[in-house]
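Structure first, commentary second.
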Amino acid sequence: NDMEIRVLTLADQRESTLVAWDRDLRDLVWSADGARLYAGVGGDWDWQVWEIPVDGGPIAVLAREAAAIGN
């Protein structure tokens, strides 16, 4: 489950890796201003909600041990 998210800047055709990880991916949602990406990532019972800044700043873990359980 190795994954990475890449960002392409259209103005200068520059590509960069925003984040890479080896956990499951649940959801991705962009902030309204496009400056941050929110991701639900997991593994076993330790699902987390991450805030990933597009400018390359540090990832903030907004919630730990979150879960989406059906049935």
Side-chain angles (χ1 to χ4, degrees):
N1 285 345
D2 291 342
M3 297 186 176
E4 61 184 29
I5 297 173
R6 294 175 178 249
V7 175
L8 175 66
T9 305
L10 295 178
D12 59 4
Q13 299 295 308
R14 186 176 56 91
E15 181 181 340
S16 62
T17 300
L18 187 59
V19 64
W21 69 93
D22 62 353
R23 299 176 65 152
D24 292 333
L25 173 67
R26 176 72 181 181
D27 293 306
L28 291 172
V29 177
W30 286 101
S31 64
D33 63 2
R36 292 169 305 285
L37 180 65
Y38 296 95
V41 296
D44 298 326
W45 286 97
D46 185 22
W47 282 84
Q48 299 178 3
V49 178
W50 291 357
E51 179 184 56
I52 307 165
V54 176
D55 65 4
I59 294 172
V61 178
L62 302 179
R64 296 183 189 278
E65 298 179 10
I69 300 173
N71 292 346

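We count residues from 1, following the sequence as given.
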* Asked: Quick one: CD1 on Ile5 to CG on Leu28, what's the gap to the nearest 0.5 Å?
  -> 4.5 Å

* Who passes side-chain hydrogen bond (donor to acceptor under 3.5 Å, both in side chains) against Asp33, sequence neighbours left out? -> Ser31

* What residues form a side-chain contact (heavy atoms from CB on, under 4.5 Å) with Val61, not counting sequence neighbours? -> Gln48, Trp50, Arg64

* Asked: Under the 4.5 Å side-chain heavy-atom rule for ILVMFWY, direct or indirect, which residues accompany Leu62?
  -> Tyr38, Val49

* Asked: Which heavy atom of Ile52 sits nearest a heavy atom of Ala39, and at what distance?
  -> CD1-CB, 4.1 Å

* Asked: Does the side chain of Leu37 reach to within under 4.5 Å of the side chain of Val7, using non-hydrogen atoms?
  -> no

What pairs of donor and acceptor atoms, side-chain ones from residues 12-20 against any protein atom, are under 3.5 angstrom apart with sequence neighbours left out?
| residue | atom | partner | partner atom | Å |
| --- | --- | --- | --- | --- |
| Asp12 | OD1 | Arg14 | N | 3.2 |
| Gln13 | NE2 | Leu10 | O | 3.0 |
| Glu15 | OE2 | Arg6 | NH1 | 2.7 |

* Asked: Which pairs with one or both residues in residues 49-60 pass salt bridge (Lys or Arg N to Asp or Glu O under 4.0 Å), sequence neighbours excluded?
  -> Arg36-Glu51

